[in-house]
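Numbering of ligands and ligand atoms starts at 1, following listing order. Numbers here simply count residues along the sequence, with the first being 1.
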Amino acid sequence: MCDNGDPEDKPPAPPVRMSSTIFSTSSGKDSLSTNHSSKPLPSVPEERKRYKIISIFTGAEKISRKKDKDKERPEISPPSDFEHTIHVGFDAVTGEFTGMPEQWARLLQTSNITKSEQKKNPQAVLDVLKFYDSTGNGRQKYLSFSSSGESLNIDDDDDDDDDGTPPPVVAPRPEHTKSATDRQRKKSKMSDEEIMDKLRTIVSIGDPKKKYTRYEKIGQGASGTVFTAIDVATGQEVAIKQINLQKQPKKELIINEILVMKELKNPNIVNFLDSFLMGEELFVVMEYLAGGSLTDVVTETCMDEAQIAAVCRECLQALDFLHANQVIHRDIKSDNVLLGMDGSVKLTDFGFCAQITPEQSKRSTMVGTPYWMAPEVVTRKAYGPKVDIWSLGIMAIEMVEGEPPYLNENPLRALYLIATNGTPELQNPEKLSPVFRDFLNRCLEMDVEKRGGGKELLQHPFLKLAKPLSSLTPLILAAKEAMKGSR
Ligand code: ATP
Ligand code: MG
């Protein structure tokens, strides 16, 4: 929360958020310190500081799903992909689950989901346990649950997804929301050679070290290193992501990212410029956005409604464009919004996006980052483009409060709360204008049918409050200054 007074009344210096970066973490190694003052100045942008580390979401993968043709294979193999039915019941009198797998019982015990919450919605508890388990430790496929005491239903509803798209990955918020890919995955749907062949048809011929000069490292992501460089021919400053393919457990995601970026050009999308393959090294050249990510701005400064409206409008334009092209982004959050120094707002990170066809316009793969996930994703229902709208609503809350709801909750409880609480409540709703609250409610509508779509929300009166994008520049500068000061 911005706690330094009413930001609207205090031009010209943009208010700096006083209470960002306060969360220490519960798990050791990824721990992000709250005390920055003693740290040396890092040479690359420091990872986001405000998150608890939730290791359970790393290396996540959805439970294995075989293609039909695999199922038809005649050889007999070890039963590594068997389906297993488990019977879980709930005794409403004692408030205890019966027949619950030991692993789940353990998770539940440490989840901080209270007994009364469990009693209130045992089905949601099972939904999120199933979700949680499958993202973290997918080993078994829980097909259906039948009764022992009260009957609880956990039908597996994701068999419609064997379409060659990479399996879902849950990006952990912690490790700077790195889109961790699964290391346990046994086999890729395309062989490495097929992937390299496919890449060779996509990339340009030439040596990126000759076409671009003055490489300077600016960041490190899960999949590779990002540099700025100068295009020798045009003098244009670009961002280049260098990805060592040998180290990539999920090469399909990278192809996905390149194909989407290459085909979908829009002023609100970080535009793809070129790509090269040098041995095992893939170079993806894209436009450079010097303003950093929206995360820096939401954690370090206080945005006013007119600035929030401007960012929401720009993001909605990108989403409307993507959705019109049958693409769901699936990982909308402030980390994936990059800013230009002029205040331009662009979506990035298309590794997770899904192409939907009219025949198959709903998906049930779990992708994204838990705190931004729509309820229908958490409870593993089929979902469509409106999951991005929900996530945009959560991102709007980040712009108000500096972080998404439930960030301090035990992750399993956070999932339970997303599944059961409905539209999350704001810390200080009375501080927001009615038109902004209405906009949030339209994005964060539980009922997907009633939730606004991109086109519709672009007409929302809240967006009329938007200031020019140049009003974001002072925030970007203030965030950079604050980050410099805190290191
Ligand atoms: P992932 O590998 O899952 O995408 P990530 O988003 O942390 O993880 P990258 O996308 O590789 O990592 O980005 C690393 C850093 O470089 C981030 O801080 C990001 O904001 C920055 N960055 C990436 N692309 C650009 C760009 N086009 N312009 C400016 N900065 C960028
Ligand atoms: Mg990224």
Side-chain angles (χ1 to χ4, degrees), residues 30 32 42-49 51 57-60 166 168-183 212 215-231 236-245 247-258 260-262 265-275 281-300 318 329-353 367-369 372 476 479-480 483:
D30 295 319
L32 299 168
S43 57
V44 293
E46 187 175 277
E47 288 189 350
R48 168 170 209 162
K49 302 165 281 273
Y51 296 106
F57 286 115
T58 56
V169 177
V170 175
R173 185 60 175 172
E175 281 221 275
H176 179 42
T177 68
K178 273 200 183 95
S179 316
T181 52
D182 168 55
R183 278 154 199 89
Y212 303 90
Y215 280 74
E216 273 176 47
K217 182 172 169 176
I218 55 163
Q220 180 73 52
S223 56
T225 310
V226 179
F227 300 88
T228 53
I230 306 292
D231 184 332
Q236 183 190 6
E237 187 166 27
V238 296
I240 302 182
K241 194 162 170 176
Q242 183 178 357
I243 301 165
N244 184 305
L245 291 169
K247 294 185 192 148
Q248 297 308 314
K250 284 232 169 72
K251 300 181 180 59
E252 302 99 309
L253 284 180
I254 290 161
I255 295 191
N256 209 32
E257 182 158 10
I258 295 181
V260 170
M261 283 178 77
K262 197 170 174 175
K265 299 278 165 93
N266 182 272
N268 293 114
I269 286 178
V270 174
N271 280 303
F272 169 96
L273 297 172
D274 214 344
S275 61
E281 301 287 325
L282 177 70
F283 294 78
V284 181
V285 185
M286 56 196 150
E287 58 183 325
Y288 171 58
L289 280 111
S293 72
L294 179 63
T295 307
D296 298 342
V297 168
V298 306
T299 53
E300 303 296 341
H329 185 284
R330 303 202 288 187
D331 202 14
I332 298 295
K333 55 187 171 184
S334 63
D335 310 62
N336 287 338
V337 174
L338 296 182
L339 303 169
M341 290 310 294
D342 59 353
S344 48
V345 176
K346 302 192 184 216
L347 269 190
T348 186
D349 267 342
F350 295 90
F352 289 149
C353 64
V367 171
T369 312
W372 285 261
I476 294 166
K480 284 187 189 292
M483 285 162 66

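In this structure, the separation between CG on L338 and CG on N268 is 12.0 Å, given to the nearest 0.5 Å. Interatomic distance, CD of Q236 versus CD1 of I230, reported as 9.0 Å (0.5 Å rounding). Atoms CG and NZ, from L273 and K265 in turn, are 7.0 Å apart once rounded to the nearest 0.5 Å. Taken to the nearest 0.5 Å, the CG atom of D296 stands 7.0 Å off from the NZ atom of K480.
At most 12 heavy atoms of other shown residues, nucleotides or ligands fall within 6.0 angstrom of atom CD in E216. With a 6.0 Å radius and a threshold of 12 heavy atoms from other residues, nucleotides or ligands, K247 has its NZ atom at or below the threshold.
Contacts between S293 and ligand 1 below 4.0 angstrom, taking non-hydrogen atoms only, are absent altogether. If you look at E287 next to ligand 1, the close heavy atoms, those under 4.0 Å, all belong to the backbone. Contacts of L338 with ligand 1, taken as heavy-atom pairs under 4.0 Å, involve the side chain alone.
Electrostatic pairing of E287 and K346 counts as a salt bridge here, judged by a charged N lying under 4.0 Å from a carboxylate O.
Every atom of ligand 1 with a heavy atom of I218 under 4.0 Å away is listed here by number and element: 30 (N). Applying the 4.0 Å criterion to heavy atoms of A239 picks out, from ligand 1, the atoms 26 (C), 27 (N), 28 (N). Close approach to V270 involves these atoms of ligand 1, each under 4.0 Å from a residue heavy atom: 27 (N). Every atom of ligand 1 is numbered from 1 in the order shown, and the set under 4.0 Å from a heavy atom of Y288 is 28 (N), 29 (C). Close contacts between ligand 1 and M286 involve ligand atoms 24 (N), 27 (N) [criterion: under 4.0 Å to a heavy atom].
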Evaluate side-chain hydrogen bond (donor to acceptor under 3.5 Å, both in side chains) for Q242 paired with T225, printing each intermediate quantity in order. CA-CA 5 Å; Q242 183 178 357; T225 310; 5.9 Å; no
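Residue contacts with ligand 1: T348 is excluded, as none of its non-hydrogen atoms falls under 4.0 Å.
At least one N or O atom of K241 sits closer than 3.5 Å to an N or O atom of ligand 1. Inclusion of L289 in the set of residues having an N or O under 3.5 Å from an N or O of ligand 1 is warranted.
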